[in-house]
Asker: 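Input: one structure, supplied below.
Order of the sequence lines sets the chain letters (A, B, ...), proteins ahead of strands, with each chain counted from 1. No experiment lies behind these values; they were computed from the predicted model shown.
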Amino acid sequence: MAKIPAAVIGVGQTHYRAKREDVSMAGLCREAMDRALEDAGLGLDEVDAIVVGKAPDLFEGVMMPELYLAEALGAAGKPLLRVHTAGSVGGSTAIVAASLVQAGVHRKVLTVSFEKQSESNAMWALSVPVPFVMPVHAGAGGYFAPHVRSYIRRSGAPTHIGAMVAAKDRTNALRNPYAHLREEKTVEQVLSSTMLWDPIRYDETCPSSDGACALVIASDDVAQGSADPAWIHGTVMRSEPTTAAERDQVNPQAGRDAAAALWKQAGITDPAAEIDAAEIYVPFSWFEPMWLENLGFADEGEGWRLTEAGETGIDGRIPVNCSGGVLSSNPIGASGMIRFGEAALQVRGAAGDHQVDGVRRALGHAYGGGSQFFSMWVLGVDRPAN
Amino acid sequence: MSRTLQAPVTVAFDYTRSVGPVLGRFFTGLQERRIVGARLSDGRVVAPPPEFDPVTHAPTTDFVDLGDTGTVTSWTWVSEPVAGQPFDRPFAFALVTPEGATEPMLHALDVASPEEVATGLRVRARWAEEPKGGITDLVCWEPAASGPDAPRSGAADRAVGGTEDAGVTGIVTPVSLDYTYAASPEESSFFRALAEGRIIGQRCPACGKVYVPPRPACPVDGVPTEEEVELSDTGTVTTFCVVNVPFLGQRITPPYVSAYVLLDGADIAIQHLILDIPAEEVRMGLRVRAVWKPRAEWGTTIENISHFAPTGEPDADYETYQHHL
Amino acid sequence: MRDVAVVGFAQRQMQDYDGSPQCAELLVPVFAECYEQTGWTKKDVGFWCSGSSDYLAGRAFSFVSAIDSIGVLPPVNESHVEMDAAWALYEAWLKIQTGEVDTAVVFGFGKSSAGVLRRTLALQLDPYTMTPLWPDTVSLAALQARLGIDRGLWDEAAMAEVANRSLTDAEKNEYAVRAGGSSVADLLARPVFADPLRKHDCAPVTDGAAALVLAAGDRAREVRERPAWITGIATFADGLHLGTRDLTRSVSAARSAAAVGGLDGVEVAELHAPFSHQELVLRSELGLADDVRVNPSGGPLTGNPMFTGGAIRIGEAARRVWDGTADRVAAHATSGPALQQNLVCVMEGREKGQS
Ligand SMILES: [Zn+2]
C-alpha cells in the first residue's frame, strides 16, 4: 500500500519574543493557527484533526496543556493528539500530522506547537537536581558544550567557525519579521561576547523565546487545489540512547541513519546538490558544521569548511537557516516545527526577504534530548510520484 | 534494607502567567469584587469567560457582569484536602451557577459539614480582604443565609501587573510538587558502594561493556547490567566545559569545570567536577584521581567524591579515549 | 486501509513500585514477554511508540531513558506521546497505515505513586482559573457523579454494582492491585470518601507498564492463529471547561464509537472508567447492549496505572479474541478530567474482507 501524497498548504507563525506578555497560551497558539488557516484558505471548522506538540510540561507548569486548550484551539469535537519527543518535538509533531493524512485517515490536519518559556525558566526546568547524582548539570548549554569541544578536537576546525555561524544566522534574522533576535552581528562581535559554557560564547547560543508555529497539511485532492503546495517527499524519525558505552555524541548514528533513510525516500543521491535550502536545528552555533556532516552534506570532519567558505549563506551552495534559525528564535517546543515550516515557505516561494531563489526541494530538521532524537522531512515543488 | 535508594524531591516554581485580554478582564473583575462572565454565540452565559467562543472560535468580546450570589448545581465533600486547596480542613468543592449565568463554575464552598450542602443551595461569594487579581480573590462561596454582610462590588480597586488602567495582565501561580525519587536497583548498588568508598560498575551480559553507574537496561542490548566490577578512582578527562553561567537552583558556584571522566576499567564516562587546577589548564586527556570528602561526610551519593584532581601523570593518548566522545 | 492486528500484550501493575520513575526495569521483562509471544527480536519491530508523563515522574524528559530498555543502538524508528499509551498505539497504527512499516511495539509506563497523584493531576486543569484552587481528580469525578445522581441518570447502588462486579472479576487477574467482591449492600455500607464517591468507586493509585504488539497482514498471521484485527479505531476530544460541557455525558466517547461504525455485536468491552459512574456514562455513550460483558479483567477500578491504563484495556480486549472467547470486542481509553478525551478500538477475530 502506498502513502497518500500530502502537502503543506498553510504556515503560520507568531512573532517570537522573550516574553509575549500580551497573550495567554491559548492566544499564542491561536495567533499561529489563525495565520496558518488564513494562508491555507480554510476555517477552523474545516479542519479534521489537531495535533499539538510541546517540549516538557514543566516549562509552563501545565500537565498536558492540550487538554485545557482543546476548546480554544477548536479541538473540542475533533481528534486531538499530543506529541513530545524532547527538542525534536516540533518536527515529530508535523510528521505525526502528516501521517494522519498519508495514512488516508484525514484530509485536512492542523498542527501547532508552542512554548511559552517566559512562564518559567528553562535552565531551572532542565536542571532540577536528581538525588545522589553530581549536580554539575547546567542546562542545555552545559550539556552540549563538551560535545562541541569534542567536535573541534576531532575536526581540527578553527575556533572562529562557531562565530561565523552565529553572525550569519543573526544577520539572516534581520530579513525575518518573526525572528526574536534581530540584530546585525559580526564575527568579531560574537568572538568578543562572554564565554558562557566554554567553548560556547553568549552570542553563539539560542535565546529563550515565547512563540508558536502552525502548519496545515492536506491530502492529495485538497493540495492540488492549492496555489503553492509544498509536497512531502519524505519524513523520518530516529532515536538512540542519551548515553551508551562508546556512543558517538558528536556525529550520532541516529542522525546519520535518519538522513540516509530520508534521502532514499526522497530519491536524493547527493543532498548538497539536490537540496536548495535547509532549515537545520542549530541551537548552538557549532551544530551547523556538526549537522552538515551528520546529514551527509559534507564528509566527516569537513562540515566547517562549507561554513568557512560561505557555502551556507543565503547565496551559497547550501543555504542554511535563512530565517535566522534557532539561534535567533527558540520557543523550544515549536523550534522544530519552525524549521519544518520555513522549509515549506522556501518551497512555496513564500519566505519573503529570506527567500532563496529557485528552491525546488528543502530540508526541515530537528533534534532533541542529548542529540539522540531526530526528525526530518524533505518538501518539494513537485507532487511526489507514488 | 530497602531494595532501592529513595529520597524526596520537590519540583517548585512560581509560574508567571500572562493572561491575555479575556482572562485579564475576568481577573480585573474579581479584583473589583465582580464576577465577569461572557455571553457566547449560542446564548449561554458562562464564567470564567472562555478565551474563544466554542462555536465560532472568535475571541470572546461580549462580557456580562454576573451577580455574586448563585446556586449550587453539584458538590462534593473534600474529606482529606491536599496541599494548596482553598482550605486545609474538610470543605466542599461545588459547581455554582452565578446569578445571571446559565452554566456553573468550579470553586470551593465553605461549610462545616456535608450535611449543610445540598444541590440547589443558595450561596454568595466571599471576597478576599486584599485582592491580588486572580481566581483566589474569590475566596470561596458560602451559604447565602449565613455570616455578616461583606463589602460588595467596588470596594477594592487596586491594579496589579500593569498600570492602574490596564487591569490585570498577569498572575503568578506557585506550583510545588513533592515526589519520592527512587534510584533503580542497579544505581542503588552503585550509590551504596560509594558510601563505603568504592566505585562499582557492572558488565552487560550481552556486549560485555562496563557501565558506571550500572544500568537497569544496557542501552544497546536492553538487558540489565549484571557482573559487578570494582573500578579505580583514577581516570581520564575525555571532554569538558567550563560553566560560567549562574542559574536558578544551581548548587555549585560558577565558574567550574564540568567534565566527563572515563574511569580506568569503565567503558563509559561519568560527569564530575575538576578542581585543584586552573580552569584554563584543564584539557582533554588529562589524568585525574578522585578527591574524596572526609569519611564522616560520606553518604549514598557520588558527592562523596568532592571532585577530581590531576594525578600528575602524562596526558592520555587521544587514541585511548577518542571512541568515548 | 491495511489489515492491522494486535498480536502481543504484556503488563505489570503494582502498588508502590519501589524502582525508578523511568521504569526501564519494568519494561525489560515486558518486552521480553512480547518477544516470547511473537517469536520476534527487536529487529522485527518497525516502529516504537510510547506514552508517559513528565509530571508523573516529576522531571523534564522523563521518557528519554525508558528507551534504553529497548536497546537502541543501532537506533530505532521511535516516537512518544504525552498521553496514555492507547494514543501511542493510535500513532503506531497510523505509521503502519502509511505503509512505511509493517510492525510496531507500543508501550506505556508510569509511577503514579512517586507523588500525590490526585494532586499532581490538578495540573491538567485550566492553569489560570482552576489549578490555583488545586481541584483534585477525585473531587472532579465526584461532582460529575452527583450531577448524574441528581438527574436520576444513575444512583449509588448502580455505582456499587459496577465496583462489586469489577472486584469480583479482578480475583482472576494476577495483575489487579485490588480484588475481592462482596455485595452491593456491603459496599454501600462503607464510608463515603468524596461524597458521593466511596474509595471503591475510584481507581486505586497504581504503578505499572505495558506493551502491545501490532502487525499488518501476514506478519500478524505468522504470530497468531487468531490475531485481534483492528476493524475500527477513532479518537475525539471534548473541551475541558466545566462551564461549557455537560459532565453527565461524554460526547467525544459517543463520537468515537460512531466513527468506528458503532459497537453493535460487541461481546466484550474493556472500558477505561477510573470511576464507577463513568462506566455507566460510557455504556450509554458508546451504545453498548445490555448483554455486553464489561471489564472481565476487573477493569480500572482494580488497577489503573496512569498512562498505561488505556492501553491495558486494548490488550485485555485483544486477549479475548486470541483465546476464542469472543469474535468482536471493543476497548476504550480515556484521558483528562471527567472523560474529556476518548479513544475506541474495535477488534475482531476475522479480517474485514472475510465473512
Ligand atoms: Zn550491552
Asker: Just by distance, with hydrogens left out, do A:K116 and B:S18 show a side-chain donor and acceptor under 3.5 Å apart?
Answerer: yes
Asker: If you apply the rule side chain to side chain contact (heavy atoms under 4.5 Å, CB included), what do you find for A:F132 with B:Q6, and how did you get there?
Answerer: CA-CA 9 Å; A:F132 321 120; B:Q6 309 199 1; 5.8 Å; no
Asker: Considering only heavy atoms, which portion of B:Y256 lies under 4.5 Å from any heavy atom of chain A: side chain, backbone, both, or neither?
Answerer: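 The side chain, not the backbone.
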Asker: Give, as side chain, backbone, both or neither, the part of A:A72 having an atom under 4.5 angstrom from any heavy atom of chain B.
Answerer: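 Both parts, backbone and side chain.
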Asker: Looking at A:E46, I want to see if its CD is surrounded by more than 12 non-hydrogen atoms of other residues, nucleotides or ligands under 6.0 Å.
Answerer: yes
Asker: Quick one, B:H57 and A:D45 - any side-chain contact, counting heavy atoms below 4.5 Å?
Answerer: yes
Asker: Answer with side chain, backbone, both or neither: which region of A:R247 has an atom nearer than 4.5 Å to a non-hydrogen atom of chain B?
Answerer: backbone
Asker: When rounded to the nearest 0.5 angstrom, what is the spacing between CD1 in B:I270 and OG1 in A:T243?
Answerer: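 Rounded to the nearest 0.5 Å, the CD1-OG1 separation comes out at 12.0 Å.
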Asker: Using salt bridge (charged side-chain N to carboxylate O under 4.0 Å, His left out), reason through B:E51 and A:R30 one step at a time and then give a plain yes or no.
Answerer: CA-CA 10 Å; B:E51 295 184 71; A:R30 280 293 302 270; over 6 Å; no
Asker: Heavy-atom cut-off 4.5 Å, strictly under: side chain, backbone, both or neither for A:S120 against chain B?
Answerer: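 Contact with chain B involves both backbone and side-chain atoms of A:S120.
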Asker: I would like to know whether B:T238 and A:R153 meet side chain to side chain donor-acceptor pair (under 3.5 Å); could you show each step before the answer?
Answerer: CA-CA 11 Å; B:T238 58; A:R153 171 68 179 80; over 6 Å; no
Asker: Sort A:D22 into side chain, backbone, both or neither according to what part of it lies under 4.5 angstrom from a heavy atom of chain B.
Answerer: backbone
Asker: Does any heavy atom of chain A fall under 4.5 Å from the side chain of B:V55, the backbone, both, or neither of them?
Answerer: backbone
Asker: For the residue pair A:E71 and B:P50, what are the closest heavy atoms and their distance?
Answerer: OE1-CB, 4.4 Å
